[in-house]
Amino acid sequence: NKRFRVGVIGSGNWGTAVAKIVAENCLEKPYLFHRDVKMWVREEEVSDMKLTDIINSYHENVKYLPEVTLPFNLFAEPDIRKVADGADLLVINLPHQFLGSVCDQMKGIDFSKSSAISCLKGINVSADGVELLHDVVEKKLGLHCGVLSGANIASEVARERWSETTIAFPLPSWYQQGDADENLIKELFYRPYFHVQVSDDVCGASISGALKNVVALGAGLVEGAGWGDNAKAAVMRRGLLEMIKFGNVFFPGKCRPETFTTESAGVADLITSCAGGRNVKVGRAFARTGKPLEVIEKELLNGQSAQGIITGREVMELLTATKKEDEFPLLGAIYDIVHNKLHISNLPERIAD
Ligand code: NAD
Ligand code: 13P
């Protein structure tokens, strides 16, 4: 039977936590996977040492996932092509603003019989409209790509505290018995502390994961303004409705509302992100200090990224270009508060029915 070689592209907070999961499974399931897993690390110096050397010597990503021991069969590799070339399964996991340039670094590799899972949360907006990130991977690299998204704060998952996730992996057109399918993908990610629900709604899982980051920023704003839990719940409820609507308007017929309301990738991710994620922290700090979001991100996150900042801008660009601002009043109000000096006291009126 074929054994699959797994590579991980990305080694941030979530990138490293997911690499730990797949390396544990590759170690435990030699009948399915090659034991050793390479993880692409964008090289940088930390305390006068290369981050790759630190990870390979001490089995810890001291910068992006400190105090978590990584499996010995996970290897940090600074050359992305050495990770991607020859991998049957690629796990792609980066802040989404870097996806295009990272894909460019893998150009020319033959991925015609490989598959990928995107763990990114975001969308890609350009003059041509909006694209989902697994589609970007497919188009740029000819690499068949599914999606993993869920209520998964990385630091908790890395400490093996139980959570659920949603995976959507449609079969590739070239699929034959023995190639990667959703069961194999589940084998790669399932852990006793990381439960996997398989779904066929790639679009719903992707949009949910992207937009909840912007809603979490909004939840942080009302929290930082000292408005309390009722206001935060209202932002979450209205946010969920706008997430579902976004799917219907921009991807008609392609995603199911139940994904948003019943899956880990939907409402559960919204709840956990609005409770303890990075975006809510950034929104909270903005309400308290008024500093630009990028400054707050730098001060609070030590090189990590709060994706709601960029996604919020991309969403607004799309809504403006398509003249649909009025249909998404919460997303518009969050944007105006953080970029256009709208005072938060205007929020209830702006989103009133
Ligand atoms: P992160 O926010 O920790 O970002 C740091 C990573 O970005 C580092 O690996 C760094 O090398 C890389 N980076 C910085 N500049 C770069 C560049 N120019 N080119 C390429 N890479 C660069 O990343 P993360 O937490 O692993 O997030 C990856 C994705 O996972 C995001 O879409 C995020 O929304 C999603 N996600 C995150 C969490 C979480 O709790 N962290 C949970 C679920 C999903
Ligand atoms: P933050 O990026 O806001 O930390 O959210 C992490 C996440 O996606 C949890 O599922």
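Numbering starts at 1 and runs along the sequence shown. Basis for what follows: all heavy atoms, side chains included, without hydrogens, waters or symmetry-related copies. Small disclaimer: the values here were computed from a predicted structure and weren't measured. All ligand and atom numbering here is 1-based and tracks the order in the structure.
Interface of S11 with ligand 1, defined as ligand atoms under 4.0 Å from a residue heavy atom, comprises 9 (O). Within the listing of ligand 1, atoms 1 (P), 2 (O), 3 (O), 4 (O) sit less than 4.0 angstrom from a heavy atom of Q304. Residue L94 approaches ligand 1 through these ligand atoms, each under 4.0 Å from one of its heavy atoms: 28 (C), 29 (C), 31 (C), 32 (O). Contact atoms of ligand 1 toward C119: 30 (O), 35 (C) (distance under 4.0 Å to a heavy atom of the residue). In summary, the atoms of ligand 2 found under 4.0 Å from a heavy atom of S273, numbered by their order in the structure, are 5 (O), 7 (C), 9 (C). Atoms of ligand 2 found under 4.0 Å from any heavy atom of N152 (numbered from 1 in listed order, with element): 9 (C), 10 (O). Every atom of ligand 1 is numbered from 1 in the order shown, and the set under 4.0 Å from a heavy atom of I153 is 40 (O).
The six-membered or imidazole ring of H34 lies away from that of F4, with a centre-to-centre distance of 6.0 Å or more.
When heavy-atom distances to ligand 1 are checked against a 4.0 Å cut-off, N152 comes that close only through its backbone atoms N, CA, C and O. Only the side chain of Q307 comes within contact range of ligand 1, with a heavy atom under 4.0 Å; no backbone atom does.
From the protein, the heavy atom lying nearest to atom 1 (P) of ligand 1 is R278 NH1, 3.7 Å. With respect to atom 3 (O) of ligand 2, the closest heavy atom belonging to the protein is N279 ND2, 2.7 Å. Nearest protein heavy-atom contact of atom 40 (O) of ligand 1 is A154 N, 2.8 Å. With hydrogens left out, the protein atom closest to atom 13 (N) of ligand 1 is F98 CE1, 3.6 Å, a heavy atom. Counting protein heavy atoms only, atom 41 (N) of ligand 1 is closest to N13 OD1, 2.9 Å. In this structure, atom 4 (O) of ligand 2 lies nearest to the protein heavy atom R278 N, 2.6 Å. At the top of the distance list for atom 17 (C) of ligand 1, counting protein heavy atoms only, stands R42 NE, 3.2 Å. Annotation: atom 32 (O) of ligand 1 to nearest protein heavy atom, K121 N, 2.9 Å. Ranking the protein heavy atoms by distance from atom 9 (C) of ligand 2 puts D269 OD1, 3.4 Å first. Ranking the protein heavy atoms by distance from atom 10 (C) of ligand 1 puts Y64 OH, 3.6 Å first.
Remark: of the listed residues K2, R3, R5, K2 is the sole one forming a salt bridge (Lys or Arg N to Asp or Glu O under 4.0 Å) with D88.
Listed for the N73 side chain is a donor-acceptor partner under 3.5 Å among the backbone atoms of A23. One N or O on the side chain of S114 and one on the backbone of A87 form a donor-acceptor pair closer than 3.5 Å. Within the 3.5 Å criterion, the main-chain N or O of C274 finds a donor-acceptor partner in the side chain of K232. When atom types are taken as modelled, the side chain of D179 and the backbone of Q176 share a donor-acceptor pair closer than 3.5 angstrom. Using modelled atom types, one side-chain atom of E43 and one backbone atom of L51 make a donor-acceptor pair closer than 3.5 Å. Checked by atom type and distance alone, the side chain of S101 pairs as donor or acceptor with a backbone atom of F98 at under 3.5 Å.
For Q97 and S305, the side-chain atoms include at least one donor-acceptor pair closer than 3.5 Å. Remark: the Q304 side chain and the E297 side chain contain no N/O donor-acceptor pair separated by less than 3.5 Å. D53 and S57 share no donor-acceptor pair across their side chains, judged by distance under 3.5 Å alone. Between the side chains of D110 and S112, at least one donor N or O lies within less than 3.5 Å of an accepting N or O. Between the side chains of N213 and T311, no donor-acceptor pair of N or O atoms lies under 3.5 Å.
Ligand 1 has no N or O atom lying under 3.5 Å from any N or O atom of P95, backbone or side chain. The shortest N/O to N/O separation between A151 and ligand 2 does not fall below 3.5 Å. Of the N or O atoms in W40, none lie within a sub-3.5 Å distance of an N or O in ligand 1. Considering backbone and side-chain atoms alike, H96 places every N or O at 3.5 Å or more from each N or O of ligand 1. Where the criterion is an N or O separation shorter than 3.5 Å, residue side chain and backbone included, W14 meets it with respect to ligand 1.
The heavy atom nearest to atom 5 (O) of ligand 2, out of those in K212, K121, E156, is found in K212. With G12, A210, G15, G122 as candidates, the residue nearest to atom 6 (C) of ligand 1 on a non-hydrogen basis is G12.
At least one heavy atom of G150 sits under 4.0 Å from some atom of ligand 2.
Distance CG/L141 to CD1/I92: 6.5 Å, rounded to 0.5 Å. To the nearest 0.5 angstrom, C145 atom SG is 14.0 Å from K140 atom NZ.
Between F251 and F246, the ring planes lie tilted relative to each other; the angle falls in the 30° to 60° range.
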